[in-house]
> 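Structure below; questions to follow.
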Amino acid sequence: MTDLSLLPVQEIMARDPAHAPLDREPDWAAGAAYIIDRFVPIGEARVPITDLGFLRADAVYDVVSVGRGQFFRLSDHQKRFARSCTRMKLSNPFSQAEEAALLNELVARTGFKDAYVWWAVTRGANLPRPDDRLHSDRFLNRFYAFVTPYVFIKDDASRQRGIHLHVSENYVRIPPNAVDPRAKNFCSLDLNMSLMEAGEAGAGWSVMTDGAGVLTEAPGSNIFVVRGNRVLTPESGCLEGITRLTARELCSEIGLEVVAGTVTVDDLMSADEAFLTSSAGGILPVSTVDGQPICQGAGPNSTRVHNTYWERRWAGWHATPVDYGASR
(Lines give C-alpha, C1' and ligand atoms only; values in the text may rest on other atoms or scores of the structure.)
Protein backbone atom coordinates (compact mmCIF):
# COMPACT_ATOMS: atom_id res chain seq x y z
CA MET A 1 0.00 0.00 0.00
CA THR A 2 1.60 3.30 -1.10
CA ASP A 3 -1.23 5.71 -0.28
CA LEU A 4 -0.74 6.72 3.35
CA SER A 5 -3.89 8.83 3.64
CA LEU A 6 -6.34 7.57 6.22
CA LEU A 7 -9.49 6.03 4.79
CA PRO A 8 -12.51 8.25 5.58
CA VAL A 9 -14.53 5.31 6.82
CA GLN A 10 -17.46 7.30 8.20
CA GLU A 11 -17.83 9.17 4.93
CA ILE A 12 -17.72 5.90 3.01
CA MET A 13 -20.37 4.37 5.29
CA ALA A 14 -22.60 7.41 4.74
CA ARG A 15 -22.47 7.48 0.94
CA ASP A 16 -21.70 3.97 -0.33
CA PRO A 17 -24.87 2.00 -1.22
CA ALA A 18 -23.23 -1.15 0.20
CA HIS A 19 -23.78 0.36 3.65
CA ALA A 20 -27.37 1.51 3.16
CA PRO A 21 -29.84 -0.13 5.58
CA LEU A 22 -32.69 -2.24 4.29
CA ASP A 23 -36.27 -1.04 4.58
CA ARG A 24 -37.90 -2.17 7.83
CA GLU A 25 -40.96 -1.37 9.92
CA PRO A 26 -40.69 2.06 11.61
CA ASP A 27 -40.73 0.45 15.07
CA TRP A 28 -37.30 -1.05 14.41
CA ALA A 29 -35.72 1.97 12.69
CA ALA A 30 -33.75 3.11 15.76
CA GLY A 31 -32.70 -0.36 16.88
CA ALA A 32 -33.86 -3.61 18.42
CA ALA A 33 -33.46 -5.27 21.81
CA TYR A 34 -33.94 -8.63 23.46
CA ILE A 35 -34.97 -8.38 27.11
CA ILE A 36 -34.85 -11.66 29.07
CA ASP A 37 -37.31 -13.54 26.86
CA ARG A 38 -38.66 -11.28 24.10
CA PHE A 39 -37.75 -8.97 21.22
CA VAL A 40 -38.78 -5.32 21.50
CA PRO A 41 -38.02 -2.06 19.68
CA ILE A 42 -35.09 -0.45 21.43
CA GLY A 43 -37.21 2.45 22.66
CA GLU A 44 -39.30 -0.02 24.65
CA ALA A 45 -36.38 -1.91 26.21
CA ARG A 46 -36.36 -1.91 30.03
CA VAL A 47 -34.16 -3.62 32.64
CA PRO A 48 -35.89 -4.60 35.92
CA ILE A 49 -34.69 -2.24 38.64
CA THR A 50 -33.91 -5.15 40.98
CA ASP A 51 -31.58 -6.85 38.49
CA LEU A 52 -28.13 -7.28 40.07
CA GLY A 53 -26.54 -6.23 36.80
CA PHE A 54 -28.07 -2.81 37.46
CA LEU A 55 -27.74 -2.78 41.25
CA ARG A 56 -24.22 -4.18 41.61
CA ALA A 57 -22.66 -4.28 38.14
CA ASP A 58 -22.90 -8.08 38.48
CA ALA A 59 -22.75 -9.00 34.80
CA VAL A 60 -20.58 -9.59 31.78
CA TYR A 61 -21.13 -8.37 28.26
CA ASP A 62 -19.65 -8.29 24.79
CA VAL A 63 -19.88 -6.21 21.64
CA VAL A 64 -19.55 -7.33 18.05
CA SER A 65 -19.82 -5.05 15.05
CA VAL A 66 -21.48 -5.51 11.69
CA GLY A 67 -20.06 -3.91 8.54
CA ARG A 68 -21.62 -4.10 5.08
CA GLY A 69 -24.06 -6.69 6.38
CA GLN A 70 -21.42 -8.96 7.90
CA PHE A 71 -20.58 -9.73 11.52
CA PHE A 72 -16.85 -9.33 12.15
CA ARG A 73 -15.23 -12.19 14.11
CA LEU A 74 -18.53 -13.24 15.63
CA SER A 75 -17.21 -16.61 16.78
CA ASP A 76 -14.23 -14.97 18.51
CA HIS A 77 -16.53 -12.60 20.36
CA GLN A 78 -18.81 -15.44 21.40
CA LYS A 79 -15.90 -17.51 22.68
CA ARG A 80 -14.63 -14.55 24.70
CA PHE A 81 -18.14 -14.00 26.09
CA ALA A 82 -18.30 -17.65 27.16
CA ARG A 83 -14.96 -17.25 28.94
CA SER A 84 -16.26 -14.11 30.65
CA CYS A 85 -19.31 -15.99 31.90
CA THR A 86 -17.13 -18.78 33.27
CA ARG A 87 -14.77 -16.36 35.00
CA MET A 88 -17.66 -14.55 36.71
CA LYS A 89 -19.62 -17.73 37.53
CA LEU A 90 -22.53 -16.81 35.26
CA SER A 91 -24.60 -19.17 33.14
CA ASN A 92 -25.69 -18.20 29.64
CA PRO A 93 -29.24 -19.49 29.03
CA PHE A 94 -28.42 -19.92 25.33
CA SER A 95 -26.01 -22.17 23.46
CA GLN A 96 -23.50 -20.50 21.14
CA ALA A 97 -25.64 -21.38 18.12
CA GLU A 98 -28.80 -20.03 19.77
CA GLU A 99 -26.97 -16.88 20.81
CA ALA A 100 -25.69 -16.31 17.26
CA ALA A 101 -29.21 -16.79 15.85
CA LEU A 102 -30.65 -14.32 18.36
CA LEU A 103 -28.04 -11.67 17.55
CA ASN A 104 -28.63 -12.24 13.84
CA GLU A 105 -32.36 -11.74 14.28
CA LEU A 106 -31.82 -8.48 16.12
CA VAL A 107 -29.77 -7.11 13.22
CA ALA A 108 -32.22 -8.51 10.68
CA ARG A 109 -35.15 -6.76 12.37
CA THR A 110 -33.42 -3.40 11.98
CA GLY A 111 -32.05 -3.93 8.48
CA PHE A 112 -28.81 -2.19 9.52
CA LYS A 113 -25.80 -2.93 7.33
CA ASP A 114 -23.43 -1.28 9.84
CA ALA A 115 -24.34 -2.04 13.42
CA TYR A 116 -23.19 -2.11 17.03
CA VAL A 117 -24.37 -5.35 18.63
CA TRP A 118 -24.26 -5.59 22.44
CA TRP A 119 -25.26 -8.49 24.67
CA ALA A 120 -24.96 -9.44 28.33
CA VAL A 121 -25.74 -11.98 30.99
CA THR A 122 -26.52 -10.63 34.45
CA ARG A 123 -26.78 -12.39 37.79
CA GLY A 124 -30.50 -11.69 37.70
CA ALA A 125 -32.69 -10.74 40.65
CA ASN A 126 -31.43 -11.16 44.19
CA LEU A 127 -32.54 -14.24 46.11
CA PRO A 128 -34.84 -13.97 49.13
CA ARG A 129 -32.86 -16.34 51.36
CA PRO A 130 -29.44 -14.90 52.29
CA ASP A 131 -27.77 -18.32 52.34
CA ASP A 132 -28.77 -18.89 48.70
CA ARG A 133 -26.71 -15.85 47.68
CA LEU A 134 -23.57 -17.78 48.53
CA HIS A 135 -24.14 -20.15 45.59
CA SER A 136 -23.88 -18.97 41.99
CA ASP A 137 -25.94 -21.87 40.67
CA ARG A 138 -29.04 -20.79 42.61
CA PHE A 139 -29.47 -17.53 40.70
CA LEU A 140 -31.60 -17.27 37.56
CA ASN A 141 -29.22 -15.46 35.22
CA ARG A 142 -30.75 -13.19 32.59
CA PHE A 143 -29.86 -12.42 28.99
CA TYR A 144 -30.09 -8.96 27.40
CA ALA A 145 -29.06 -7.72 23.97
CA PHE A 146 -29.53 -4.74 21.68
CA VAL A 147 -28.56 -3.44 18.25
CA THR A 148 -28.05 0.19 17.22
CA PRO A 149 -26.43 1.83 14.21
CA TYR A 150 -22.64 1.52 14.29
CA VAL A 151 -20.90 4.09 16.48
CA PHE A 152 -17.39 5.54 16.36
CA ILE A 153 -15.35 6.70 19.35
CA LYS A 154 -14.06 9.54 17.13
CA ASP A 155 -14.93 10.90 13.71
CA ASP A 156 -12.90 10.84 10.49
CA ALA A 157 -11.26 14.21 11.14
CA SER A 158 -10.19 13.21 14.65
CA ARG A 159 -8.65 9.99 13.39
CA GLN A 160 -6.81 11.85 10.64
CA ARG A 161 -5.40 14.38 13.12
CA GLY A 162 -4.70 11.76 15.77
CA ILE A 163 -6.27 12.17 19.19
CA HIS A 164 -4.82 13.87 22.24
CA LEU A 165 -4.39 11.17 24.88
CA HIS A 166 -4.24 11.78 28.63
CA VAL A 167 -2.56 9.37 31.04
CA SER A 168 -4.79 9.35 34.10
CA GLU A 169 -3.12 10.71 37.22
CA ASN A 170 -6.06 10.60 39.62
CA TYR A 171 -7.34 7.08 38.93
CA VAL A 172 -5.75 3.66 38.46
CA ARG A 173 -7.24 0.63 36.76
CA ILE A 174 -8.99 -1.85 39.04
CA PRO A 175 -6.30 -4.48 39.78
CA PRO A 176 -6.69 -7.90 38.14
CA ASN A 177 -6.92 -9.66 41.51
CA ALA A 178 -9.96 -7.52 42.35
CA VAL A 179 -11.94 -7.74 39.09
CA ASP A 180 -10.56 -9.85 36.24
CA PRO A 181 -10.21 -7.45 33.27
CA ARG A 182 -10.09 -10.38 30.83
CA ALA A 183 -13.83 -10.75 31.46
CA LYS A 184 -15.68 -7.88 29.78
CA ASN A 185 -17.58 -6.58 32.78
CA PHE A 186 -19.65 -3.66 34.04
CA CYS A 187 -17.09 -2.49 36.64
CA SER A 188 -15.84 0.52 34.70
CA LEU A 189 -16.31 3.56 36.93
CA ASP A 190 -12.53 3.96 37.09
CA LEU A 191 -12.41 4.14 33.30
CA ASN A 192 -15.31 6.59 33.14
CA MET A 193 -13.74 8.87 35.76
CA SER A 194 -10.47 8.86 33.82
CA LEU A 195 -12.39 10.05 30.75
CA MET A 196 -13.80 12.99 32.69
CA GLU A 197 -10.30 13.76 33.96
CA ALA A 198 -9.11 13.76 30.33
CA GLY A 199 -11.90 16.14 29.36
CA GLU A 200 -10.92 18.53 32.15
CA ALA A 201 -7.33 18.37 30.89
CA GLY A 202 -8.42 19.29 27.36
CA ALA A 203 -7.57 15.86 25.96
CA GLY A 204 -9.64 13.65 23.67
CA TRP A 205 -9.37 10.29 25.47
CA SER A 206 -7.67 8.69 28.45
CA VAL A 207 -5.46 5.70 29.21
CA MET A 208 -4.94 4.15 32.62
CA THR A 209 -2.02 2.61 34.49
CA ASP A 210 -1.67 0.14 37.35
CA GLY A 211 -0.50 2.97 39.62
CA ALA A 212 3.17 2.11 39.12
CA GLY A 213 3.73 3.59 35.66
CA VAL A 214 2.66 0.49 33.73
CA LEU A 215 -0.03 0.93 31.09
CA THR A 216 -3.15 -1.23 31.24
CA GLU A 217 -5.93 -0.08 28.91
CA ALA A 218 -8.05 2.85 27.79
CA PRO A 219 -11.83 3.12 28.22
CA GLY A 220 -13.30 0.61 25.79
CA SER A 221 -9.93 0.24 24.09
CA ASN A 222 -6.56 -1.48 24.08
CA ILE A 223 -3.38 0.51 23.45
CA PHE A 224 -0.44 -0.09 21.10
CA VAL A 225 2.90 1.71 21.15
CA VAL A 226 5.09 1.76 18.02
CA ARG A 227 8.86 2.18 18.41
CA GLY A 228 10.83 1.63 15.24
CA ASN A 229 9.85 -1.79 13.86
CA ARG A 230 8.41 -3.02 17.17
CA VAL A 231 4.85 -2.71 18.39
CA LEU A 232 4.26 -3.03 22.13
CA THR A 233 0.93 -3.75 23.81
CA PRO A 234 0.13 -4.56 27.46
CA GLU A 235 -0.10 -8.25 28.23
CA SER A 236 -2.01 -8.02 31.53
CA GLY A 237 -4.41 -5.70 33.28
CA CYS A 238 -6.50 -5.36 30.14
CA LEU A 239 -9.31 -6.94 28.16
CA GLU A 240 -8.45 -9.65 25.64
CA GLY A 241 -9.67 -7.36 22.86
CA ILE A 242 -10.81 -8.87 19.59
CA THR A 243 -9.76 -5.75 17.68
CA ARG A 244 -6.49 -5.98 19.65
CA LEU A 245 -6.07 -9.53 18.31
CA THR A 246 -6.84 -8.28 14.80
CA ALA A 247 -4.35 -5.41 15.06
CA ARG A 248 -1.64 -7.81 16.23
CA GLU A 249 -2.28 -10.01 13.18
CA LEU A 250 -2.21 -7.02 10.81
CA CYS A 251 0.96 -5.59 12.35
CA SER A 252 2.72 -8.92 11.83
CA GLU A 253 1.48 -9.05 8.23
CA ILE A 254 3.05 -5.68 7.40
CA GLY A 255 6.38 -6.69 8.88
CA LEU A 256 6.20 -5.25 12.40
CA GLU A 257 7.37 -7.23 15.41
CA VAL A 258 4.54 -7.41 17.95
CA VAL A 259 5.43 -7.81 21.63
CA ALA A 260 2.83 -8.28 24.36
CA GLY A 261 4.36 -7.51 27.72
CA THR A 262 5.03 -4.70 30.16
CA VAL A 263 4.50 -1.30 28.53
CA THR A 264 5.31 1.78 30.58
CA VAL A 265 4.24 5.39 30.41
CA ASP A 266 7.83 6.20 29.42
CA ASP A 267 7.48 3.80 26.47
CA LEU A 268 4.39 5.70 25.37
CA MET A 269 5.95 9.14 25.81
CA SER A 270 8.99 8.17 23.74
CA ALA A 271 7.01 6.34 21.04
CA ASP A 272 7.15 7.04 17.32
CA GLU A 273 3.42 6.31 17.08
CA ALA A 274 0.58 4.99 19.19
CA PHE A 275 -2.97 3.88 18.52
CA LEU A 276 -6.01 2.50 20.31
CA THR A 277 -8.14 -0.41 19.16
CA SER A 278 -11.81 -1.14 19.83
CA SER A 279 -14.95 -2.57 18.26
CA ALA A 280 -16.45 0.93 18.42
CA GLY A 281 -14.18 2.59 15.92
CA GLY A 282 -11.50 0.12 14.87
CA ILE A 283 -8.04 1.72 14.89
CA LEU A 284 -7.68 5.17 16.49
CA PRO A 285 -4.31 6.92 15.96
CA VAL A 286 -2.77 9.02 18.75
CA SER A 287 -0.78 12.19 18.01
CA THR A 288 -0.25 13.73 21.47
CA VAL A 289 0.19 12.35 24.99
CA ASP A 290 -0.28 14.72 27.92
CA GLY A 291 0.33 17.67 25.61
CA GLN A 292 3.54 16.23 24.19
CA PRO A 293 3.48 15.48 20.43
CA ILE A 294 4.61 11.96 19.52
CA CYS A 295 3.46 11.97 15.92
CA GLN A 296 2.15 14.50 13.44
CA GLY A 297 -1.34 13.25 12.72
CA ALA A 298 -1.91 9.58 12.05
CA GLY A 299 1.50 7.91 11.72
CA PRO A 300 2.40 5.71 8.72
CA ASN A 301 2.14 2.39 10.56
CA SER A 302 -1.07 3.38 12.32
CA THR A 303 -2.49 4.44 8.95
CA ARG A 304 -1.54 1.15 7.29
CA VAL A 305 -3.11 -0.89 10.09
CA HIS A 306 -6.23 1.32 10.06
CA ASN A 307 -6.74 1.10 6.31
CA THR A 308 -5.96 -2.61 6.06
CA TYR A 309 -8.37 -3.31 8.90
CA TRP A 310 -11.30 -1.71 7.10
CA GLU A 311 -10.40 -2.92 3.62
CA ARG A 312 -10.08 -6.52 4.78
CA ARG A 313 -13.26 -6.35 6.86
CA TRP A 314 -15.33 -4.99 4.01
CA ALA A 315 -13.88 -7.65 1.68
CA GLY A 316 -15.28 -10.38 3.95
CA TRP A 317 -12.33 -11.25 6.20
CA HIS A 318 -13.48 -13.15 9.33
CA ALA A 319 -17.04 -12.44 8.21
CA THR A 320 -20.35 -14.05 9.08
CA PRO A 321 -23.03 -12.69 6.72
CA VAL A 322 -26.24 -11.49 8.34
CA ASP A 323 -29.28 -13.47 7.24
CA TYR A 324 -31.73 -10.62 6.75
CA GLY A 325 -34.50 -13.07 5.93
CA ALA A 326 -34.42 -14.35 9.52
CA SER A 327 -36.51 -11.50 10.93
CA ARG A 328 -39.87 -12.71 12.21
Side-chain angles (χ1 to χ4, degrees), residues 53 56-63 77 80-81 83-90 118 120 153-154 163-227 231-248 258-271 274-286 288-292 294:
R56 297 184 181 174
D58 194 349
V60 297
Y61 74 104
D62 218 295
V63 174
H77 281 279
R80 182 179 67 179
F81 184 69
R83 294 194 300 270
S84 295
C85 287
T86 298
R87 286 167 175 154
M88 296 306 187
K89 302 184 187 303
L90 291 161
W118 182 101
I153 288 179
K154 297 292 180 180
I163 62 164
H164 303 314
L165 192 64
H166 174 73
V167 181
S168 181
E169 298 176 351
N170 300 330
Y171 306 97
V172 298
R173 189 68 179 109
I174 297 172
N177 59 347
V179 178
D180 189 342
R182 296 173 301 169
K184 198 169 175 70
N185 61 78
F186 283 12
C187 302
S188 58
L189 189 56
D190 53 345
L191 294 166
N192 293 340
M193 295 305 295
S194 77
L195 276 178
M196 295 177 192
E197 178 189 345
E200 292 168 356
W205 210 252
S206 62
V207 65
M208 300 193 76
T209 72
D210 65 354
V214 175
L215 296 176
T216 56
E217 59 187 344
S221 315
N222 293 108
I223 187 165
F224 287 76
V225 171
V226 183
R227 303 182 71 180
V231 180
L232 313 175
T233 191
E235 184 176 30
S236 61
C238 60
L239 180 69
E240 297 172 333
I242 304 303
T243 314
R244 172 180 179 262
L245 169 65
T246 305
R248 292 178 66 174
V258 183
V259 179
T262 299
V263 187
T264 68
V265 175
D266 288 343
D267 290 328
L268 174 60
M269 299 300 292
S270 60
F275 59 87
L276 305 180
T277 61
S278 71
S279 291
I283 313 300
L284 181 56
V286 172
T288 304
V289 180
D290 289 343
Q292 176 179 314
I294 64 168

> Quick one: does any side-chain atom of T288 pair with a main-chain N or O of G291 as donor and acceptor, under 3.5 Å?
no
> Give, for atom CZ of R248 and atom OG1 of T233, the distance between the pair rounded to the nearest 0.5 Å.
7.0 Å
> Does S206 form a side chain to side chain donor-acceptor pair (under 3.5 Å) with S194? I'd like the steps, not just the answer.
CA-CA 6 Å; S206 62; S194 77; 2.8 Å; yes
> Taking the side chain from W205 and the backbone from P219, do they hold a donor-acceptor pair closer than 3.5 Å?
yes
> Compare every heavy atom of C238 with every heavy atom of N222, then report the nearest pair and how far apart it is.
ND2-CB, 3.8 Å
> For F224 and A247, which heavy atoms make the closest approach, and how far apart are they?
CZ-CB, 3.9 Å
> Scan L284, V225, V226 and name whichever one has a side-chain contact (heavy atoms from CB on, under 4.5 Å) with F275.
V226
> Measuring from D180:CG to L239:CG, what's the distance to the nearest 0.5 Å?
9.5 Å
> Ignoring hydrogens and angles, tell me if any N or O in the side chain of D290 forms a donor-acceptor pair with the backbone of V167 under 3.5 Å.
yes
> Show the nearest heavy-atom pair for residues P234 and R244, with the distance to one decimal.
O-NH2, 2.8 Å
> Can you tell me how far apart CE (M208) and CE (M193) are? Round to the nearest 0.5 Å.
10.0 Å
> Show every salt bridge (charged side-chain N to carboxylate O under 4.0 Å, His left out) that has at least one partner inside residues 166-178, sequence neighbours left out.
R173-D190, R173-E217
> Is a side-chain N or O of Q292 found less than 3.5 angstrom from the main chain of M269, in a donor-acceptor match?
yes
> Is there side-chain contact between L268 and L165, with heavy atoms separated by less than 4.5 Å?
yes
> Please check if the side chain of D210 supplies one atom and the backbone of T216 the other of a donor-acceptor pair under 3.5 Å.
no
> Measure from the side-chain N and O atoms of D267 to the backbone N and O of T264, and report whether any donor-acceptor pair falls under 3.5 Å.
yes
> What is the distance from atom CZ of R83 to atom SG of C85, rounded to the nearest 0.5 Å?
11.5 Å
> Measure the CD1-OG distance between I283 and S221 for me, rounded to the nearest 0.5 Å.
10.0 Å
> Which pair of heavy atoms, one from A183 and one from M88, lies closest together, and at what distance?
CB-CE, 3.8 Å
> Side-chain contact, heavy-atom cut-off 4.5 Å: T246 with T277?
no
> V214 versus T209: any side-chain heavy-atom pair under 4.5 Å?
no
> Provide the closest heavy-atom pair for R227 versus L232 in the form atom of the first, atom of the second, distance.
CD-CD1, 4.2 Å
> Answer whether the closest heavy-atom distance between the side chains of V286 and I223 falls below 4.5 Å.
no
> How many angstroms lie between CD in E240 and CD in E235, if you round to the nearest 0.5 Å?
10.5 Å
> Looking only at heavy atoms, what is the nearest atom pair of A120 and F186, with distance?
CB-CZ, 4.2 Å
> Kindly say whether L191 contributes a backbone atom to a donor-acceptor pair with the side chain of S188 at under 3.5 angstrom?
no
